[in-house]
Amino acid sequence: MSTRDSESAEVINGSDAAPSGGSKGDRPNHERSNDERYDAQIVEKKWFARWQQDATMYAAEPNSAKKKYYVLEMLPYPSGALHMGHVRNYSIGDALARYMWMNGYNVLHPMGWDSFGLPAENAAIQNNTPPREWTLRNIANMKAQMNRLGFAYDWSREVTTCFPEYYRWNQWFFIKMFEQGLAYRKKSNVNWCPKCCTVLANEQVLADGTCWRHEDTLVEQRELEQWALRITKYADELLRDLDKLPGWPDKVKTMQRNWIGRSEGTLVDFKLDYAEPTHTGFGPGGSTITVFTTRVDTIFGATSVQLAPEHPIVKDLAAANPGLRAKVDQLIAEQNKAKETGDIGEIEKHGVPTGRYAINPYNGEKVPVWVANYILMDYGTGAIMSVPAHDERDHEFATKYKLEIRLVILPVADDPEETMAEPQLPFTSHDGMLVNSGPYSGMSCADAIKKMVEYAEKKGFGKPTVTYRLKDWGISRQRYWGTPIPMLYCEKDGIVAVAEKDLPVILPDKVDITLTGGSPLGRVPEFVNAMCPKCGGPARRETDTMDTFVDSSWYFYRYTDASNDRAPFDSKTAQYWFGDAGIDQYIGGVEHAILHLIYSRFWTKFMRDLGLLSNDEPVGRLFTQGMVIKDGAKMSKSLGNVVSPDEMVARYGADAARLYSLFAAPPDRDLDWQDSGIEGIQRFLGRVYRFFVRHPVETQLAKSAALQELSPEARAIQRKLHQTIKRVSDDFQGRWHFNTCISATMELVNALYAYEETVAGAPSPANGGGNAALLAEVQRSLVLLLAPFAPYLAHELWEMIGEKESLLRAPWPKYDAALAKEEEVEIPVQINGKLRSRITVPADAEENFVIERALEDEKVKAAIAGKQVVKKIHVLGKMVNLVVK
RNA sequence: GCCGGGAUGGCGAAAUUGGCAGACGCAGCGGACUUAAAAUCCGCAGGGCUCAAAAGGCCUGUGGGGGUUCGAUUCCCCCUCCCGGCACCA
């Protein structure tokens, strides 16, 4: 699923990092400080080893009475090594998963590999390593990296899409779609990337006409027959159901809306004029041109009809007219070139008259029929009515070719005099009044559209319609490393699906994958030659493979029942985890806003209609994290600003890398990586650790001792603790600003150090009494607050304070409003909105009391001397403002 | 052109409901510890002016301009710049 991973394999090197510290000889003076030093490498290795033996601590509990929570990060393409974007993505998900566990939920938090795809083939060609081998080695390496980073995944549910146990269900789904007419063969102009040597889906071509994997390579147009999935059947539902997704970012929903591109309009038949019979086959009563328009109200201003160069009528006309044909071929060439360079929006408009006329059914007027290079055959009907007065493109074209421009809409203004003023052309507003439009003159645009559509329907020359920009999903790929399409071509029976009992169609191992000469599978006779399941005769296998986006369209259902060999998954189990609303929280990059996130919505609706699911949508809440950048630019090899997670782990530890990626910016914003920043985090972790070393507490103390008789300083710490619990919990519950969760925790630690400084000896449990018990409670809570973000350190401290139960299942600390409440507050006093003084009052002091105190304040007295207080504003606990004259 | 998002110290950022702008961290400066350094701990710190200095005081400040309000980083109008997406889609 990863877009453009070019990082090569790097072996995790955390295990052979140099030991920190560096003191070799006897240096008794520094013994103490060395004991206090936190060595992340040693501590993390210790817990890493334990976690490998106790993987079950992460597993979801299927029969639990707890409430379920499904948190998921987008699965990576196994490119070789994790990059910082992955670390950020997974740190967010892991923190959330751990938090939800600690809050008593039954959490599903799985991981897998989107492991089919082109890079494996390209690597195979370069290094002479089979794609499977290369892929599996990368998976092993990246899994080791994930484990070293301490992400708590339920590996018992691991999904690897290139395994037959998985892709057989791709084939199964495909056959179901074929049976229902949702998968079909289609000959059309398709996007062809000369570097990938394969067809691409529309979604995989970037705005500038380049390939999503090769930004320097323009995609070509080729006419090919290939398999397509009828996603357009769900176009309307895909659009409507976006309204059911309040947990999705507006940005993503807007992008999907634009992509689906629903447009309501009218189809209108223009009869081709037969006054000039020709030998082209269009005699009297000849052919009809159906145009699509969203502005039928402007039809009395139509002064020509424009056809796409590839329109069938143009083909017929050109066939009989070599002069026209040459010009049309020229227009087609211009259009293709513009499509390839992505400049279709800036193409210079050209057109040629066909010499024929069409009849406007509303007024019987004959208008010339032209062919123009800016009309697209694959949108609407490939034919438009041209209204130069009210459409920018038509206006430009008509001006260039001196076609008539006829005003039929006038602007409506408040002032009736202005209404009649001639607008600047083209006047494209929908807010207007019709003129020069026969019986419709005087109507508003909206009314006219209604009446005109009614009339067209009554007379049978037109009807309302809806068109979409969204096209069916072309999924054939002329490459090797993908799911074989389970179809056969039989001379007798034609196109036949592989029998279900014969699934999976296994992707053969030893295949010549050179890029030329069509689909590699076509060169494997054992694969190609098969038997027709209908007649038993010889049949040829389909040799194209599926787009890898098929793999990721339903993988998250497979996690719920990953080893099922009778079905893609068990419906009941999937229903438990998906509920009605889908995945509770999905986290990934915004680059999949269109691709993966629209395909998987489509797949869910298809599976629902198949009876496998009851949810309409796969993802209830979606979070798109920002990019990790450095020196103001996205990390890339060519810029040389790549930060390697392995290096960060080796140098600072996994906790520091994770904590920094959450601390440096709110997760939805881009994160500017600074090496000095992660050093600060390392210092913080050491600071926490040192405090625990200096103040060893037994956790039982926190549970047993009474918390009364606290010194004022201890009471302040208690207050700070509960304020911190509130801030961290609120941010988890609400807006997910982990940076402020972490800074709040830092403040608590700073307060602990200040406490230690102020009250000499007070923190020691040797003092006994309430203060020591409180300190134990604070330290225990601090570990819990850190656990979602820095699991290694948290586990180490948890053990140090004598806790035995699993930290991952320990209950999240409870916030106590009474304990968090300040007794006294400092209130700013403003005079005319400017800060002049501060007074300290009891937190719940009444207004009169506070204002009285403010007026007694020396600085305030000086500021208002000789003036009259005309207004007194008091906001409880916030401020006082005195307005004086 | 259209649709999103953004602009706050030297830097990353915070201010959650209109109420002390700059929490927290980085970089910086000063101090303690040390033979020294590292590490650690403590402190200072938006800009400007005033004051011998300090304390203090005053002015100013959240991209720019206007507005609403006792009070605006926050709400409204206009503008500039940056990032992302879409774009002859009829």
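Naming convention: chains lettered A, B, ... in sequence-line order (proteins, then strands); numbering from 1 in each chain.
The phosphate of C24(B) has neither OP1 nor OP2 within less than 4.0 Å of any side-chain N or O from Arg687(A). Side-chain N/O atoms of Lys834(A) include none lying less than 4.0 angstrom from OP1 or OP2 on C58(B). Residue Lys871(A) has a polar side-chain atom (N or O) positioned under 4.0 Å from OP1 or OP2 of C70(B).
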Along nucleotides 9-18 of chain B, 5' to 3', which nucleotides get a B, which get an S, and which get a -, given that the test is a protein heavy-atom distance under 4.0 Å?
--SBSSSB--
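Here Lys630(A) lies out of heavy-atom contact (under 4.0 Å) with every strand. Residue contacts shown for Ile594(A) are absent, as no nucleic acid heavy atom lies under 4.0 Å away. Gln830(A) comes within 4.0 angstrom of a nucleotide base, judged by non-hydrogen atoms across all strands.
Atoms CD1 and NZ, from Ile864(A) and Lys859(A) in turn, are 14.5 Å apart once rounded to the nearest 0.5 Å. With values rounded to the nearest 0.5 angstrom, Met385(A) atom CE is found 10.5 Å from Thr303(A) atom OG1.
Taking every heavy atom of both residues into account, Pro464(A) and Val453(A) meet most closely at CD-CG1, 3.6 Å.
Sorted by residue number, the members of residues 386-397 of chain A with any non-hydrogen atom under 4.0 Å from RNA chain B read Arg393(A).
A side-chain donor from one of Tyr374(A) and Asp394(A) sits under 3.5 Å from a side-chain acceptor of the other.
One interatomic measurement links the two molecules: CG of Asp378(A) to C1' of C89(B), which rounds to 9 Å at whole-angstrom precision.
Of the C1' atoms belonging to G10(B) and U68(B), the separation is 36 Å, rounded to the nearest Å.
Side-chain N/O atoms of Asn881(A) and base N/O atoms of C70(B) include a donor-acceptor pair closer than 3.5 Å.
For G19(B), the paired base is C70(B) (Watson-Crick or G-U wobble, both distances below 3.5 Å).
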